[in-house]
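Below: one structure, written as C-alpha cells.
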Amino acid sequence: MSARTLKPRTPKPRTLKLGAVLFGVGGPGQHNTWLSPEIPGDASVDVHWYIARAQAAEAAKFDLVFIVDSQFITPDSPHHYLSRLEPLTLLSAIAVHTSHIGLVGTITTSYNEPFNVARRLASLDHISGGRAGWNVVTSGDAGTAGNYSRDEHYDYATRYGRALEHVQVARALWDSYEADAFPRDKERGVFFDRDRQHALNHRGEYFSVVGPLNLERTPQGQPVIFQAGDSEEGRDLGASVAEAIFTHAETLEQAQAFRTELRARAAAKGRDPDQVLVFPGISPIIADTDEQAREIQRATLGAKSFARALAELGRPFGWHDFSQYDLDAPFPEVGDAGALSFRTQAEAIKKHARENDLTLRQVVEHQLSAHYAPFVGSARTVADEIERWFRAGAFDGINIIVTVPSEFARFVDEVLPILRERGVVRDEYESTTLRGNLGLPIPENRHTAARQQTLQPAGV
C-alpha cells in the first residue's frame, strides 16, 4: 500500500474580536452624554437599557459585553459612576436574555476573597452556558480602602501580589471538581464520584483557602481572565495570568509597542503569546463624510466642561483637589499624591507638564483635547483605519464604547459590513462559549491531568 500524503492543515484566519463597553449615562470625559434624548436619565441603573444594548451587540455577532466597575466615588465622579449596577448581578440578568455573547465584569482582587469571586464567576458561567469573563483589577481609587474598614489602600507591591495569588487560587478552586464528578446515575443511586472532588488547602502569603468550591466544573472549564493595568506591575500581572488585556492606545505605534511587549512578556513566562489577546477601547465617530465626522468630534470636545475636567484631573492623584491652585501658574507640585491610586497615569501627567512647562490650565486643556479618536470619518474611512491597525498587529480586538444607541448602530450597520466583506470580522458565532469565540483553549483540569499522567504506561 502506498503511503498517503497528508496535506498540511491550513491555519485558521485571524479575525478581529469585538467587545461592547456599556457606559449608561457616560463615563470619564463624557460630561454631556446623558443629555442625549436617546439615553434614559437612569440608564446606568436600568437593566432593560443594558439588555437591549447587549442584544444589539449579540445581533451584530460581538464577542462580549464589558461592565466596568469601581467602588469609591466623590461628587465629581463621572455620571455613570455615581449610580450604577453591580457587574455580576447585572451580567446574570443579561445572561438569560442572550445566548452567545460573552459577559465580562470587573471585580477587584484588593477587596474580595478568592472563594467568593470564584463562586460568583462560576455561577455566572453556569447561568450563561459558558460565557463568563473576569476583568481583574486591583482598585485604582485609593479611597476604596475606607469602604472596606481599612485606613489606607494597599501599596502597589501588595496590590499586585494579592492579585496574582488571588487569580491563582480562584483557578485552583475552579478545578475543585473534575468534569465527570457528577454522574447523577439514578439507577445506581450514585450522585457524585468522591474521587473527583478535590480540596485545595491553600496557604499563601495573602490568602488561606481550604476548598473545595461548592460548584461543579463550568461549561467552558474556567471563566476567561481579562486584565487592565498599564503600570509595570500591571503589565507583569497581565503577562502572567491574563488571556485578554483591556488597554488604551492613542496611536498605531503606541498600540503596536504595547501588544509586542505584552506578548514578549507572556512568552518569557512560558506562555503562548497567541493566547494573550489585546483589546484597546475606542470611540469611533461616523458620519456621511470625513469632514462631517471631524466636525462632530470638534463639537463634542468643545462642549466638554472645563470645571468637570479640572475636577476629574484629581482622580489619578487620589482625588487631589486641583481647584485650590492658580490655573495660570505652573502645574503644581503635588508630592506623592497618586502613589496609591492610578500612579502610572499620575506620573505621566506630571511628566508631560514638566517637560512642556505647562500651567495647570494648559494641562486641563490638554486633557480635554487629548482624546481625539483616530477612528473618525465616513464608514469606509473608519473601516480602513481599523483594518490598518489590525493588519499591522496593533490589536486582536477592540472595545467599542456604547452610550448613544444610534451611534452604535452606525458602526454596526455601516462599518461592520465593510470589515466582514474584507474578512477582518467573522460572519457568525463559532461557539456558544466565550472561550470558543475568542479562540482560547479550555484549561485542562489539573487533577484530571495528574491522573492521566499517572495512568500513562511506562516509557510513553
Side-chain angles (χ1 to χ4, degrees), residues 64 66-71 87-88 91 102-125 132-140 144 154-177 198 200-213 215 217-218 220-247 262 265-266 268-273 275-279 434-435 438 440-447 449:
L64 60 95
F66 171 37
I67 307 298
V68 301
D69 194 38
S70 61
Q71 297 174 69
L88 262 63
L91 290 169
L103 308 165
V104 182
T106 294
I107 306 176
T108 175
T109 57
S110 295
Y111 299 103
N112 282 289
E113 291 292 318
F115 189 92
N116 285 337
V117 169
R119 189 184 188 199
R120 288 159 59 198
L121 283 163
S123 295
L124 176 60
D125 210 41
W134 173 19
N135 179 42
V136 176
V137 300
T138 66
S139 289
T144 309
Y154 299 105
D155 60 33
Y156 260 64
T158 301
R159 279 163 59 183
Y160 284 95
R162 280 178 60 95
L164 178 60
E165 186 177 332
H166 197 296
V167 174
Q168 291 170 337
V169 172
R171 281 178 160 164
L173 286 168
W174 288 327
D175 280 351
S176 293
Y177 284 110
H198 303 276
L200 180 56
N201 295 316
H202 170 85
R203 186 172 294 276
E205 183 177 358
Y206 302 102
F207 303 105
S208 178
V209 183
V210 175
L213 188 68
L215 188 58
R217 187 164 170 83
T218 72
Q220 60 177 346
Q222 296 184 3
V224 179
I225 301 295
F226 293 75
Q227 187 266 346
D230 197 36
S231 66
E232 177 67 23
E233 297 90 341
R235 293 185 184 210
D236 193 64
L237 176 65
S240 298
V241 303
E243 295 165 288
I245 307 283
F246 291 142
T247 185
L262 260 294
R265 286 187 186 231
K269 295 178 181 294
R271 300 184 60 201
D272 180 352
Q275 294 177 18
V276 182
L277 309 178
V278 175
F279 279 74
L434 178 56
R435 285 188 176 279
L438 293 180
L440 296 170
I442 295 176
E444 188 173 27
N445 183 288
R446 66 198 66 194
H447 305 292

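None of these values were measured; they are calculated from a predicted model.
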- Query: When rounded to the nearest 0.5 angstrom, what is the spacing between CG in L213 and OG in S123?
  - Reply: 8.0 Å

- Under 3.5 Å: donor-acceptor pair, side chain of Q220, backbone of R435: yes

- Message: Is it the case that the side chains of H202 and E165 hold a donor-acceptor pair, with the cut-off being a distance below 3.5 Å and no angle test?
- Response: yes

- Message: Less than 4.5 Å apart, side chain to side chain, heavy atoms only: is that true for T109 and V137?
- Response: no

- Donor-acceptor under 3.5 Å (R171 side chain, A118 main chain): no

- Item | Y111-Y154 aromatic ring centre distance below 6.0 Å | yes

- Note on the structure: What one should report as the nearest heavy-atom pair of I245 and G238 is CD1-CA, 3.7 Å

- Query: Is the shortest heavy-atom distance from the side chain of V117 to the side chain of W134 under 4.5 Å?
  - Reply: yes

- Note on the structure: Minimal heavy-atom distance between G133 and L121, with the atoms involved, is O-CD2, 3.9 Å

- Query: Considering all heavy atoms of both residues, which atom of A266 and which atom of V276 are nearest to each other, and what is their separation?
  - Reply: CB-CG2, 3.8 Å

- Which heavy-atom pair separates G105 from P87 by the least distance, and what is that distance? CA-CB, 4.2 Å

- Task: Please answer whether the main-chain N or O of Y177 pairs with a side-chain N or O of R217 as donor and acceptor at a distance below 3.5 Å.
- Result: no

- Taking side chain as C-beta onward, heavy atoms only, is S240 less than 4.5 Å from K269? yes

- Item | CG on L277 to CG on L262, rounded to 0.5 Å | 11.0 Å

- Query: Roughly how far, to the nearest 0.5 Å, is CG of N445 from CG of D175?
  - Reply: 4.0 Å

- Worked check of side chain to side chain contact (heavy atoms under 4.5 Å, CB included) between T247 and V278: CA-CA 7 Å; T247 185; V278 175; 3.8 Å; yes

- Query: Would you say the side-chain atoms of D69 and T106 include a donor-acceptor pair closer than 3.5 Å?
  - Reply: no

- H166 and Y206 aromatic centres sub-6.0 Å: no

- Message: Please tell me whether N135 and Q227 have a donor and an acceptor in their side chains that are separated by less than 3.5 angstrom.
- Response: no

- Item | Side-chain touch L173/L200, heavy atoms, less than 4.5 angstrom | yes

- Message: Are D236 and Y160 packed together at the side-chain level, in the sense that at least one heavy-atom pair is separated by less than 4.5 angstrom?
- Response: no

- How about L64 and L434: do any of their side-chain heavy atoms sit closer than 4.5 Å? yes

- Message: I'd like to know if R271 and E243 make a salt bridge, using a cut-off of under 4.0 Å between side-chain N and carboxylate O.
- Response: no

- To the nearest 0.5 Å, atom CD1 of I67 lies from atom CD1 of I107 at 12.0 Å

- Item | Chi angles and distances behind the salt bridge (charged side-chain N to carboxylate O under 4.0 Å, His left out) call for R119, E113 | CA-CA 10 Å; R119 189 184 188 199; E113 291 292 318; over 6 Å; no

- Item | Point-to-point distance, once rounded to the nearest 0.5 Å, from NE2 of H447 to OG of S176 | 6.5 Å

- Query: Checking R159 side chain against S139 main chain: does a donor-acceptor pair fall under 3.5 Å?
  - Reply: yes

- Verify, without hydrogens or angle tests, whether N112 (side chain) and T108 (backbone) share a donor-acceptor contact under 3.5 angstrom. yes

- Query: So does E205 pair up with R162, basic N to acidic O under 4.0 Å?
  - Reply: no

- Task: Work out which heavy atom in P223 is nearest to a heavy atom in A122; give both atom names and the distance.
- Result: CG-N, 4.5 Å

- Task: Output yes when a side-chain donor or acceptor of D125 lies under 3.5 Å from a complementary backbone atom of T218, and no otherwise.
- Result: no

- Message: Classify the ring geometry of F279 against F226: parallel below 30°, tilted from 30° to 60°, perpendicular beyond 60°.
- Response: perpendicular

- Note on the structure: Value for CD (E233) from CG (D155), rounded to nearest 0.5 Å, stands at 9.5 Å

